[in-house]
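Here's the structure, in structure tokens; my notes come after.
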Amino acid sequence: MKRRRFLSYAMKSASAAVWSQLVPSALRATLFSQTAVPKTSPNNSARPQLALTLDDPTLKLGSVLRWQEANSRILKAISEKNVRAALFVCGMRVDEPDGAKLLSEWDQAGHLICNHSYSHKFYGEQTSYADFAADFLRNEKVNAPYRNRTGLFRYPFLKEGDTADKRDRFRALLKERGYRVGHVTLDASDWYVSQRFVNRLGNQPQASIAGYRDYLAAHLLDRATFYRQLTLDVLGHDIRHTLLMHFNPLNAFVLPDIMNAFEAAGWQWIDASLAFEEPIFRSEPKTLPAGESLIWALAKETGRFEGRLRYPGEDDVYEKPKMDILGL
Ligand SMILES: [Zn+2]
């Protein structure tokens, strides 16, 4: 789940008409099957809105807790907010009978089941277009059994290709297969905070979770504030956001606190299907290397925000010194 190096851009968005021509109608019908009754209607809220998107469900969480407990805790936290999330499935982590049980629980709760590739390859110079494409297609079989599978694909590490050719060929493949990109707008490094928590428990089984919970909440809110302001400055208006989180031990314990913290800060949780209806999610920034948060990429493409854009947008290197100082 680790992110890695890279950079750069122009944006182009396909019109709705073009989109509808590109997507087979059958898939279009199933794309947002859960959206029949959205939690909120568009633009009726002065509050910033975000949807939870959760990546990399896995059966292997180490010795901290079993996947069954993690799964039920996370699903309960989401259902208490009465919203539906998007689950981005990386096949290699769940490709056995128990994995099907894990995914079924999400499917039955009405969450979107989305494609995150089979092997979580980094789409940079080390991965060819052919290998990346095959890996994406392989994951379709993992998601195939579920009623709420959708044509949303999220790039591992949010890396969309290191050359224009690889970037554009894969984008074309997504369209051909009836997919769109399951973009993250609010990017963060929750995976790293959890990793530090798990490491600490390995050395000190009685360690308190409180410091990690508070760090994670502050980190996610800080990043959300940053990317929302960037959105306002790049687009001139707000959008419905998608927050990146992961299926990991720390989140399994503290997701209710995280969701409450966003509400206390003025945010409103909405269905992922509603967020992904935003036209801006059809944008195809022409940056290289391609990827990162959609907002990061759109900002990069303008060339007007260099002073505010680090590369990569988020990574462990930014959090490590702060967590070291705090003794976490
Ligand atoms: Zn991932």
Side-chain angles (χ1 to χ4, degrees), residues 1-6 51-62 67 70-71 74 78 85-95 99 102-103 106 111-124 126-127 131-140 142-143 149-162 170 174 179-198 216 219-220 223 227 242-252 255 258 272 275-276 281 289-294 296-297 312-319:
M1 283 158 251
K2 297 195 75 178
R3 322 286 233 62
R4 255 342 78 80
R5 61 205 110 134
F6 284 96
L52 181 66
T53 71
L54 202 85
D55 291 10
D56 298 296
T58 179
L59 300 171
K60 298 186 176 63
L61 292 166
W67 71 261
N71 211 35
I74 291 170
I78 301 169
L87 184 71
F88 286 86
V89 178
C90 171
M92 70 176 178
R93 309 188 203 284
V94 288
D95 198 3
L102 187 161
L103 298 181
W106 286 77
H111 301 295
L112 303 179
I113 308 294
C114 316
N115 190 329
H116 191 38
S117 84
Y118 189 89
S119 309
H120 214 269
K121 294 175 185 292
F122 191 108
Y123 196 28
Q126 61 271 59
T127 306
D131 287 351
F132 195 70
D135 201 60
F136 152 67
L137 294 172
R138 184 180 179 193
N139 204 57
E140 288 193 329
V142 177
N143 286 0
R149 71 182 183 281
T150 68
L152 285 167
F153 174 77
R154 177 166 291 166
Y155 293 84
F157 313 98
L158 309 186
K159 298 300 183 263
E160 304 187 19
D162 58 319
F170 193 78
L174 286 178
Y179 282 78
R180 57 199 294 195
V181 178
H183 281 292
V184 169
T185 67
L186 309 177
D187 192 7
S189 296
D190 71 311
W191 60 268
Y192 178 65
V193 185
S194 183
Q195 186 179 299
R196 298 268 301 219
F197 169 64
V198 170
L216 179 63
H219 167 62
L220 293 175
R223 294 295 77 206
Y227 285 108
T242 51
L243 174 69
L244 171 64
M245 293 185 75
H246 289 85
F247 189 102
N248 62 37
L250 180 59
N251 290 339
L255 188 56
I258 299 301
F276 282 118
F281 285 98
E292 306 304 292
S293 152
L294 174 62
W296 189 102
E314 305 298 328
D315 211 345
D316 54 359
V317 295
Y318 308 128
E319 307 313 313

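In what follows, every heavy atom counts, from backbone to side chain, and hydrogens, waters and symmetry copies are set aside. For ligands, and for the atoms within them, numbers begin at 1 and follow the listed sequence.
- The two residues Glu160 and Tyr123 make their nearest non-hydrogen contact at C-CD2, 3.5 Å.
- Residue Asp55: no N/O/S atom is found under 2.8 Å from the Zn ion (ligand 1).
- Applying the side-chain hydrogen bond (donor to acceptor under 3.5 Å, both in side chains) criterion to Arg196, with sequence neighbours excluded, gives Tyr192, Asp324.
- Taken from CG in Leu158 to CD in Glu314, the straight-line distance is 9.5 Å, to the nearest 0.5 Å.
- Nearest N/O/S atom of Asp56 with respect to the Zn ion (ligand 1) is recorded as OD2.
- Closest N/O/S atom of His116 to the Zn ion (ligand 1): NE2.
- The Zn ion (ligand 1) lies at 2.8 Å or more from every N, O or S atom belonging to Cys90.
- The aromatic rings of Phe132 and Tyr155 lie parallel to each other, with less than 30° between the two planes, well short of the 60° mark.
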